[in-house]
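Inspection log for the structure reproduced underneath, given as structure tokens.
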Number of protein chains: 2
Amino acid sequence: MRSVDAAPEEPTTDPTAGRGPLVPAPDGSTRGRILDVAMRRFARSGFGASVRAIAADAGVSPALVIHHFGSKDKLHAACDEYVLAWIRDVKRDSIGRAAGGNLLQVLSAADQYAPLVGYVLRSLQAGGAVGREFTEHMIADAEVYTSEAVRDGVVRPSRDEAARVRYLVYSALGAMLLSVTLDPPQDAEDVTAAMRRFMDELYLPMLELFTEGFLTTRRMLDDYLLYVPDPPGGAQAPTDGTPHDHEEEP
Amino acid sequence: MRSVDAAPEEPTTDPTAGRGPLVPAPDGSTRGRILDVAMRRFARSGFGASVRAIAADAGVSPALVIHHFGSKDKLHAACDEYVLAWIRDVKRDSIGRAAGGNLLQVLSAADQYAPLVGYVLRSLQAGGAVGREFTEHMIADAEVYTSEAVRDGVVRPSRDEAARVRYLVYSALGAMLLSVTLDPPQDAEDVTAAMRRFMDELYLPMLELFTEGFLTTRRMLDDYLLYVPDPPGGAQAPTDGTPHDHEEEP
DNA sequence: CAACAGACTAAACACGTGTTCAATCGGCGC
DNA sequence: GCGCCGATTGAACACGTGTTTAGTCTGTTG
């Protein structure tokens with residue numbers, strides 16, 4: 001019997017409610033519910049969250065979560081799989097609609113993804129498997145998008161496409177991570193709001209940098225290219241042949 | 001950023017080679033020794049390191065470190081002060097020599113700073129006071145340097161200088177943090193080596209982006225500038241929260 | 001019904017943690 | 001000598017942790 005004398009919280013239930021799409025409805029099983037609240041608790045409090053806290057969230061005894069998952073580490077691993085599957089779903093769906101572009105934007109756009117985003121950030125912070133895999137996903141996607149954009153002529157080619165993509169993803173992801181780490185939202189559920197705020201504030205400088213650059217002179221780049229053995233890829237970049245509007249201010 | 005304007009010789013320059021005054025010599029006192037090893041242990045193992053481990057490193061009993069510092073939290077605070085003072089010293093010294101430029105570069109150049117760098121990274125990771133203050137230092141410095149560079153005509157002006165500086169610092173710091181988090185050096189003492197490797201690998205795309213930009217068309221930037229209330233001109237901060245949420249294009 | 005299986009729990013176990021306590025040791029002033 | 005005080009310690013305390021154990025309950029199957 002699940003009388004559970006004191007279950008003060010767990011207002012977050014109502015699993016199959018008229019929620020938006022793409023939130024995995026936990027099946028009726030207790031195991032599924034534990035998995036769901038564990039993932040949310042990890043997202044909110046970090047992976048140091050105690051088994052007892054998770055059990056309380058789910059309204060069960062600590063022994064039961066061990067009974068179902070074997071150990072806390074295995075529960076952690078199960079949560080990792082859970083959010084990776086969730087991410088795959090979101091990605092597949094966002095490919096369907098023309099949204100395409102940036103997974104980060106899609107995720108931060110809807111509050112329903114707050115636990116997902118929180119979990120990913122926690123994993124990035126801890127150097128966990130989910131963080132690593134998420135980064136690889138983003139790099140792989142960005143590689144496709146940039147190569148298309150280069151082909152279409154809206155993005156400049158690079159002397160080392162792989163390195164550029166890695167740099168861009170690391171910068172974007174790292175800046176975001178640093179921002180929410182140094183200035184965390186008081187209500188831990190508002191991580192998506194914090195991300196939107198971050199984007200709103202820093203979108204202009206990013207756009208400026210991407211279209212106008214930062215330096216006015218090519219000297220640093222040319223000097224670097226001069227004395228450094230050229231990078232691996234055979235991809236050549238414009239030396240002077242491709243004229244750019246770069247030369248003056250509007 | 002490595003300044004390449006000089007002759008094409010590898011950075012054997014190493015502005016701090018052969019001298020040691022920039023690593024604070026712990027005074028003879030046991031308390032000083034404990035503080036020093038505690039800071040190093042925190043840098044190597046994170047702030048979850050146990051008092052017992054620190055005591056073992058210092059060759060004393062756990063009770064003694066509590067006796068000298070009152071509690072683990074106070075020891076943590078003392079370590080924060082310790083590394084902040086250290087950073088101030090490094091900065092003051094690096095201003096003396098023409099190195100000037102980037103604190104990150106100076107710090108990652110010399111292995112003697114490995115504990116300092118490690119500690120700062122741990123603090124950034126944990127959202128601690130040192131991380132926050134270090135970021136503010138970097139932003140303040142970058143503001144000075146960029147304004148000088150803009151005045152000298154080697155850097156383009158921005159529509160929002162403060163936001164740009166913040167964006168650049170967050171990107172650089174965040175990318176670095178993410179890199180060492182996702183791919184940590186096995187020997188935790190080699191964090192400076194990992195940073196140098198990171199810089200070597202990603203310096204080209206950064207330089208490319210800074211001098212040539214990323215996009216070939218101004219459309220995105222112009223569109224953004226069109227429908228967004230123009231950002232404060234006089235180095236002002238963004239207006240407030242929720243200024244212009246979702247709009248639809250006409 | 002009896003028997004088995006699995007969900008579930010209360011209580012305890014084993015361990016690591018930060019911290020405290022009482023007691024030494026060693027030097028310095030009187 | 002005495003007395004005092006800080007440095008230093010081994011042992012314990014109080015607590016939180018993940019996990020185990022023994023047991024109860026419920027449902028299903030023969």
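Proteins get letters first, then strands, A, B, ... in listed order; numbering begins at 1 in each.
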Given [options], identify the nucleotide with an atom nearest to the side chain of [X].
X	options	answer
B:Thr30	C:dC8, D:dT8, C:dT19	D:dT8
B:Lys72	D:dT9, C:dT19, D:dT19	C:dT19
B:Val51	D:dT8, C:dC8, C:dG18	C:dG18

Is A:Arg92 salt-bridged to A:Asp89, cutoff N-O under 4.0 Å?
-> yes

In this structure, which one of A:Arg44, A:Arg41, A:Arg52 forms a side-chain hydrogen bond (donor to acceptor under 3.5 Å, both in side chains) with A:Asp57?
-> A:Arg41

Closest nucleotide of DNA chain C for A:Arg31 versus for B:Ala63: which of these residues is on the 5' side?
->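 Comparing both residues, the 5'-ward one is A:Arg31.
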
Is any side-chain N or O of B:His67 closer than 4.0 Å to OP1 or OP2 of D:dT8?
-> no

Nucleotide [N], atom [atom2] - distance to [atom1] of [X] in whole Å:
X	N	atom1	atom2	result
B:His68	D:dC5	NE2	C1'	14 Å
A:Leu64	D:dG23	CG	P	19 Å
A:Phe47	D:dG18	CZ	C1'	17 Å
B:Arg33	D:dA7	CZ	P	13 Å

Name the nucleic acid region contacted by A:Ser50, choosing base, sugar-phosphate or nothing; use a 4.0 angstrom heavy-atom cut-off, strictly under.
->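 Sugar-phosphate, backbone atoms only, no base.
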
For the base of D:dG18, is there a side-chain donor-acceptor partner from A:Arg52 under 3.5 Å away?
->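 Such a pair is found, so the answer is yes.
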
Anything under 30° is parallel, anything over 60° is perpendicular, the rest tilted; go ahead and classify B:Phe42 against B:Phe47.
-> tilted

Does the salt bridge (charged side-chain N to carboxylate O under 4.0 Å, His left out) test come out yes or no for B:Asp36 and B:Arg33, once each step is laid out?
-> CA-CA 5 Å; B:Asp36 193 69; B:Arg33 184 163 38 98; over 6 Å; no

